[in-house]
*Asks:* 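Here it is, the structure, as structure tokens.
Note that the structure is predicted; figures quoted are calculated from it, not measured. Because only heavy atoms are used, hydrogens play no part in the values below, and waters and symmetry mates are left out as well, while side chains stay in.
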Amino acid sequence: MQRNYDNYMAPRPEDNELYTQFKYTQLKGLDYSNHDGTITRRDPSKVIFENGKYYVWYTHRQTPTPPKGAKMANDTIPSADWDLSEIWYATSTDGFTWKEQGVAIPRPPKPNLGHRSVATADILKWKGKFYMYYQGFSEASGTRGDDCPVLASYADSPDGPWTAVNKIIIPNGPKDTWDQYSIHDPYPLVYKDKIYLYYKSDFDGNPDLIRMQGLATADNPLGPFTKNPLNPVLTSGHETTLFPFEEGIAALTIKDGNEHKTIQFAKDGINFEIASIVELMPTAAGPYIPDAFTNTKDGRGITWGISHFINYTTWSENHAILVRFDCDLSLDIDDPEMKKHHV
Ligand code: AAL
């Protein structure tokens with residue numbers, strides 16, 4: 001009984017600021033008609049607000065066939081839903097109706113890093129410039145595992161043009177460490193005067209262990225990044241969704257692990273504990289976070305964003321669509337500044 005009073009933000013969910021329900025809405029302007037698996041839109045970035053509009057970036061694949069697994073993949077047949085992909089973007093003035101703007105970051109020519117696929121991007125604004133972090137595949141996903149490091153591109157404007165840095169920004173860990181094969185879902189925030197970039201890895205190669213989330217920090221967007229000695233800092237989760245909350249960082253801990261379907265909180269951005277248990281969480285959520293890059297010591301939370309739904313087939317994931325989610329994970333849902341961005 002005592003843990004209900006000691007371990008959560010409040011004993012009742014309705015008083016717990018990190019408890020919420022989620023509501024989903026179809027987006028207008030993005031095509032939902034293609035259900036044969038040849039077009040996918042998935043893994044949205046955070047939503048940012050610049051030049052009077054919202055921006056979101058996402059993995060976009062358009063291939064002659066749906067994904068067919070690594071054995072059947074070739075230069076045009078994708079192995080996985082995020083194989084042979086590019087990073088596209090869309091803009092919106094109200095968060096519901098979006099205009100697809102096309103490619104932001106294309107696959108670079110061979111042999112540049114990421115020539116097989118660039119996917120699962122997230123955005124950082126730092127000292128007036130924009131930095132995009134993403135998974136760069138130089139072989140088809142699934143050839144051994146879902147192996148890739150993190151690459152980056154930068155731009156003066158969210159409309160681009162983006163310049164690709166043809167080097168690994170967050171490298172895989174040394175042999176026999178938890179992140180030796182993959183660094184997925186890079187997720188940068190500005191916290192404690194630094195770039196705090198959370199990411200997923202999966203202990204792949206050891207089937208007894210599961211996916212978890214780690215942290216790498218840097219003073220410069222293009223590195224070097226230092227991995228936290230306590231990694232992995234979150235025991236569970238898949239596509240990590242984090243945001244500044246009061247003095248710390250909150251995390252939607254989605255999909256994998258025994259502590260999935262929880263929202264966790266770390267006062268110091270590192271030592272996460274369960275703050276609430278929720279249901280129907282947004283998959284791969286990219287929230288609109290007004291204070292993601294303001295170095296806040298008093299994070300205000302989130303009320304909406306973009307997430308994806310995956311259409312599973314018998315053998316693989318064949319395509320995904322983007323949707324909007326709404327929630328109340330904000331301390332100021334009635335604040336006029338927050339209301340401007342929330343419907
Ligand atoms: C997603 C993410 C990463 C993986 C793949 C595409 O769920 O975790 O981006 O590589 O699946």
*Asks:* Give a yes or no on whether the backbone of Asp146 and the side-chain of His184 come within a donor-acceptor separation of less than 3.5 Å.
*Replies:* yes
*Asks:* Please name the pair of heavy atoms, one in Leu222 and one in Ala152, separated by the smallest distance, quoted to 0.1 Å.
*Replies:* CD2-CB, 4.2 Å
*Asks:* Would you check if the side chain of Tyr133 reaches a backbone N or O of Pro221 as a donor-acceptor pair within less than 3.5 Å?
*Replies:* yes
*Asks:* Please name the residue in the list Arg61, Arg41, Lys68 that meets the salt bridge (charged side-chain N to carboxylate O under 4.0 Å, His left out) test with Asp81.
*Replies:* Arg61
*Asks:* In this structure, are over 12 heavy atoms from other groups packed under 6.0 Å from Tyr154 atom OH?
*Replies:* no
*Asks:* Any ion pair linking Asp298 and Arg300 (charged N to carboxylate O, less than 4.0 Å)?
*Replies:* yes
*Asks:* Looking at every heavy atom in both Ala285 and Phe325, which two are closest together, and how far apart are they?
*Replies:* CB-CE2, 3.6 Å
*Asks:* Going by an N to O cut-off under 4.0 Å, is there a salt bridge joining Asp179 and Lys227?
*Replies:* yes
*Asks:* side-chain hydrogen bond (donor to acceptor under 3.5 Å, both in side chains) with Lys194: which of Thr226, Asn220, Asp219, Thr217?
*Replies:* Asp219
*Asks:* Distance check, rounded to the nearest 0.5 Å: Cys327 atom SG versus Ile263 atom CD1?
*Replies:* 7.5 Å
*Asks:* Is there side-chain contact between Pro78 and Thr65, with heavy atoms separated by less than 4.5 Å?
*Replies:* yes
*Asks:* When you measure from the side chain of Tyr187 to the backbone of Phe243, do you find a donor-acceptor pair of N or O atoms at a distance under 3.5 Å?
*Replies:* no
*Asks:* Applying side chain to side chain contact (heavy atoms under 4.5 Å, CB included) to Met132 and Phe130, what does each step give before you reach the verdict?
*Replies:* CA-CA 7 Å; Met132 195 75 73; Phe130 298 86; over 6 Å; no
*Asks:* Would you indicate whether Lys261, at its atom NZ, is surrounded by more than 12 heavy atoms from other residues, nucleotides or ligands within a distance under 6.0 Å?
*Replies:* no
*Asks:* Could you tell me whether a side-chain N or O of Arg107 sits under 3.5 Å from a main-chain N or O of His115, the two making a donor and an acceptor?
*Replies:* yes
*Asks:* Contact between Asp156 and Lys129 at the side-chain level, heavy atoms closer than 4.5 Å - yes or no?
*Replies:* yes
*Asks:* Can any side-chain N or O of Thr262 pair as donor or acceptor with the backbone N or O of Gln264 at less than 3.5 Å?
*Replies:* no
*Asks:* For a quick test of reading the model, state the closest non-hydrogen atom pair linking Asp122 to Pro186 and the distance between them.
*Replies:* CB-O, 3.2 Å
*Asks:* Treating Thr59 as the side-chain partner and Thr120 as the backbone partner, does any N or O pair qualify as donor plus acceptor under 3.5 Å?
*Replies:* yes
*Asks:* Does the side chain of Ile77 reach to within under 4.5 Å of the side chain of Thr63, using non-hydrogen atoms?
*Replies:* no
*Asks:* Crowded around Asp75 CG? As in, over 12 foreign heavy atoms under 6.0 Å?
*Replies:* no
*Asks:* Rounded to the nearest 0.5 Å, how far does NE2 of His319 lie from CG of Asn311?
*Replies:* 5.0 Å
*Asks:* From Leu18 CG over to Met9 CE, what is the distance, rounded to the nearest 0.5 angstrom?
*Replies:* 4.5 Å
*Asks:* Is Ile39 reachable from Leu30 through a run of hydrophobic residues whose side-chain heavy atoms are each under 4.5 Å from the next?
*Replies:* no
*Asks:* According to a hydrophobic-cluster definition based on side-chain heavy atoms being under 4.5 Å apart (Ile, Leu, Val, Met, Phe, Trp, Tyr only), do Leu331 and Tyr8 belong together?
*Replies:* no
*Asks:* Between Ile105 and Tyr89, is any pair of side-chain heavy atoms under 4.5 Å apart?
*Replies:* no
*Asks:* Tell me if the CG atom of Asp31 is crowded by more than 12 foreign heavy atoms within 6.0 Å.
*Replies:* yes
*Asks:* Quick one: are Phe137 and Thr143 in side-chain contact, heavy atoms under 4.5 Å?
*Replies:* no
*Asks:* Using a 3.5 Å distance criterion without hydrogens, assess whether the side chain of Ser45 forms a donor-acceptor pair with backbone atoms of Trp57.
*Replies:* yes
*Asks:* Is it possible for you to say whether Val190 and Tyr199 belong to one hydrophobic cluster, with membership spreading through side-chain heavy-atom contacts below 4.5 Å?
*Replies:* yes
*Asks:* Within a 6.0 Å radius of atom CD on Gln21, are there more than 12 heavy atoms belonging to other residues, nucleotides or ligands?
*Replies:* no
*Asks:* Working note: Asn258 + Thr235, criterion side chain to side chain donor-acceptor pair (under 3.5 Å); need CA distance, chi angles, decisive distance, verdict.
*Replies:* CA-CA 8 Å; Asn258 280 316; Thr235 67; over 6 Å; no
*Asks:* Counting the benzene-type ring for Trp, do Phe309 and Tyr24 have ring centres under 6.0 Å apart?
*Replies:* yes
*Asks:* Within the supplied structure, the quantity of interest is the number of heavy atoms (other residues, nucleotides, ligands) at a distance under 6.0 Å from Lys267 NZ; does it exceed 12?
*Replies:* no
*Asks:* Write down the atom of Ala320, the atom of Ile310, and the distance for their closest heavy-atom approach.
*Replies:* CB-CG1, 4.1 Å
*Asks:* Please check if Leu234 and Ile302 belong to a single hydrophobic cluster, counting links between Ile, Leu, Val, Met, Phe, Trp and Tyr side chain heavy atoms closer than 4.5 Å.
*Replies:* yes
*Asks:* Does Ala121 offer a backbone N or O that forms a donor-acceptor pair with the side chain of Asp43 under 3.5 Å?
*Replies:* no
*Asks:* So which atom in Leu151 and which in Ile168 form the shortest heavy-atom distance, rounded to 0.1 Å?
*Replies:* CD2-CA, 4.1 Å
*Asks:* With a 6.0 Å cut-off (strictly less than), is the heavy-atom count around CD of Glu100, excluding the residue itself, greater than 12?
*Replies:* yes
*Asks:* Answer yes or no: is there a donor N or O on one side and an acceptor on the other, between the side chain of Asp328 and the main chain of Ser330, under 3.5 Å?
*Replies:* yes
*Asks:* Could you state the interatomic distance from NE2 (His260) to CD1 (Ile277), rounded to the nearest 0.5 Å?
*Replies:* 10.0 Å
*Asks:* Output the distance between atom OG (Ser157) and atom CG (Asn51), rounded to the nearest 0.5 Å.
*Replies:* 6.0 Å
*Asks:* Have a look at Ile306 and tell me which of Tyr288, Trp98, Tyr58 forms a side chain to side chain contact (heavy atoms under 4.5 Å, CB included) with it.
*Replies:* Trp98
*Asks:* Are the side chains of Val118 and Pro108 in touch, meaning some heavy atoms are under 4.5 Å apart?
*Replies:* yes
*Asks:* With no hydrogens and no angle check, is any side-chain donor or acceptor of Asp256 less than 3.5 Å from a backbone partner on His238?
*Replies:* no
*Asks:* From the options Ser85, Ser79, Ser141, select the one residue that forms a side chain to side chain contact (heavy atoms under 4.5 Å, CB included) with Ser117.
*Replies:* Ser85
*Asks:* How many angstroms lie between CH2 in Trp82 and OG1 in Thr40, if you round to the nearest 0.5 Å?
*Replies:* 10.0 Å
*Asks:* Should Glu239 and Thr241 be marked as a side chain to side chain contact (heavy atoms under 4.5 Å, CB included) after you check the CA-CA gap, both sets of side-chain angles, and the distance that decides it?
*Replies:* CA-CA 7 Å; Glu239 298 101 342; Thr241 299; 5.6 Å; no
*Asks:* Taking the side chain as everything from C-beta on, heavy atoms only, tell me whether Pro149 gets closer than 4.5 Å to Pro171.
*Replies:* no
*Asks:* Can you find a heavy atom in the side chain of Asp159 that is under 4.5 Å from one in the side chain of Gln101?
*Replies:* no
*Asks:* I'd like to know whether the aromatic ring centres of Trp304 and Tyr54 sit less than 6.0 Å apart in this structure.
*Replies:* yes
*Asks:* Would you kindly say whether Thr253 and Glu259 are connected by a side-chain donor-acceptor distance under 3.5 Å?
*Replies:* no
*Asks:* Where is the tightest heavy-atom contact between Gly269 and Leu215, given as atom of each residue plus distance?
*Replies:* O-CD2, 4.0 Å
*Asks:* Evaluate the criterion side chain to side chain donor-acceptor pair (under 3.5 Å) for residue pair Ser153 and Tyr134; output intermediate values, then yes/no.
*Replies:* CA-CA 9 Å; Ser153 289; Tyr134 45 91; 2.7 Å; yes
*Asks:* Should Ile254 and Phe265 be counted in the same cluster of Ile, Leu, Val, Met, Phe, Trp and Tyr side chains packed under 4.5 Å apart?
*Replies:* yes
